[in-house]
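Beneath this line is the structure, given in C-alpha cells, with notes to follow.
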Amino acid sequence: MSKKIVFIRHGKTNSNIEHRFSGWEEATLSKEGIEELLLFKETLAYPKTDLYYSSDLKRAIDTFNYLFGDDQTLYRIEPGFRETHFGEIDGKTSQEAQGIHMRDEFLKNKSPFGAETVMDFSSRIYMSLSRIYEELTLLDLKSATIVAHSGTLKMLRIILENRPFSDYFSLDMDNGRGYWVEIERDDFHRFKLLNIGDI
Amino acid sequence: MEIVLIRHGYSTANRDGLYSGWIDVSLTEEGEKELEAYRKQYHYPKTDRYYTSDLKRAIQTCHILYPDEKIVEKSSQLREIHYGDLEGVVWGERPNFSFNEHFFRNERVYNAEVFTEFSRRIYQKLEEIVWDLERDGLESATIVAHAGVIKTFLILLENRPFSDFSRLNAPNGLGYRLVLELDENKRIKLLERHELELASHV
C-alpha cells in the first residue's frame, strides 16, 4: 500500500531576507513571511493528510501553526528533518563566509568548517522518512505532511528521484510551498516513487 | 561486532578489462590459484556467518577461501554497481570517459545504476546483516562481494570524500576487518578498520 507524503518548506524568515546560511541556528519568521503564509493558506491547495510532522526548529513549527494549526495538531516533532548543519558558517551571511565554496565541497562529500556532509545529511533525512512511513503503516494510515527546510526538501527529492546531486543548487523550493510524493516500499524496504507533484 | 569484507578473486572480466557489474563472470584459473595461496598466506578471521553476493565470482571466492563454511545467504543486494549498457564493454574503448565521475555526481549514464540507488541497496543489506547478528547474539560475519561495494561501504562508514573511491584499495581476494557497534538508533558506528594480517603475524 502506497503512502502520500506532503513536504512543505517553512515561511520566509528574517535570516532568509538577510541571505544568511541558516542550518541549525534558530531563525524567526518575518512579518512578510507570516503574511504570505496566511495568504497561501487561503489560496493554495495543501492536500489534507492523516498526520502532521515538523522539524524541531521554530521556523518550521511556527509555519505548521500558521498553515494548519486551526484544525490540526502536530503528531510528532522530528529533529531528523532539520536543515543541513552548516558548521562554523551557520548563521553567517554569504559575505561573512566569503571564500568558502560550500557548493563544491558539499557535492564531493567533504565537510568544510565542520558542516555536515551530503551523505550524513541524506542518510539522516532518509531515516526520518522511513520512520514516518513505518508509523503510518503501524497506524494503518495513508498520508502525512512534513514541514521542514529547503535543503531537506531538495535532498529528499534528489534521493527519491535519483537526480544529479548538482540539482541541490538548481531546484526551486519557495518558502511556504513544496511538493507531494506517492511512495511505496519494496521487500527490501526501499522506497519506490510512484508519483510526484507540486503544491 | 566484526564484519570482514572480502573482494572476489581475479575474474575473466578483470583480465579482459571489461566493465563487470551484474554480468556473471567466473574467476580465472590464475585467480583461483592466487586465492589458494592467499588462504595460507593471510589470516582470514573465522566469523559466525558468511554472506556473498549472488554472483558466481563471489560465491567461488568464498568456497575457496572458506572451504569448510556454509554460506548463509547469497544476496543480490550485495552485487556490484549495475553498469547498464556498459556491462561487458571493454574499458579502453572509451578512453576519455570516466564512469566514476558521473557516478559520484549521481548522474545516470548508459542506463547504469546511480550512486543513491546503489548505496541504499548495499547499505540496507549491511544493516540487516548487523541487526541479525545482534538479534541472534552473534559477534561476526564475513561478506564476500565486489570492489565497488567494499569501497562504497568505507566511504559511507568513514564519511569520506567521494574522490577517495579511486584511492581506496580493494585488491582481488583481500579486504578489511571492521570493528563496529550499533548506536541507540541501531545505526552502524565504525570503531576500527584493519587490513588482513599475514598468517605469520598471527
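Everything quoted here is computed from the prediction, not taken from an experiment. Residue numbers begin at 1 in each chain, while the letters A, B, ... track the order of the sequences.
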Could you look at [X] and say if it's the side chain, the backbone, both or neither that has a heavy atom under 4.5 Å from chain A?
{"X": "B:Arg120", "result": "side chain"}
{"X": "B:Phe115", "result": "side chain"}
{"X": "B:Arg160", "result": "backbone"}

Self-check item: Which atoms of A:Ile159 approach chain B - backbone, side chain, both or neither, heavy atom under 4.5 Å
Solution: both
Exercise. For the pair A:Trp24 (side chain) and A:Arg82 (backbone), establish whether a donor and an acceptor sit closer than 3.5 Å, ignoring hydrogens and angles.
Key: no
Self-check item: Test log, rule salt bridge (charged side-chain N to carboxylate O under 4.0 Å, His left out), inputs A:Glu26 and A:Lys58
Solution: CA-CA 7 Å; A:Glu26 289 287 10; A:Lys58 196 171 175 304; over 6 Å; no
Exercise. Applying side-chain contact (heavy atoms from CB on, under 4.5 Å) between A:Ile183 and each of A:Ile196, A:Asn195, A:Ile5, report the one that passes.
Key: A:Ile5
Quiz item: Does the side chain of A:Leu74 reach to within under 4.5 Å of the side chain of A:Ile61, using non-hydrogen atoms?
Solution: yes
Self-check item: Interface residue of largest heavy-atom contact number with chain B, from A:Leu107, A:Asn162, A:Thr117, under 4.5 Å
Solution: A:Asn162
Quiz item: Should the pair A:Arg76 and A:Tyr53 be classed as cation-pi, given the thresholds of under 6.0 Å to the six-membered ring centre and 45° from the axis?
Solution: no
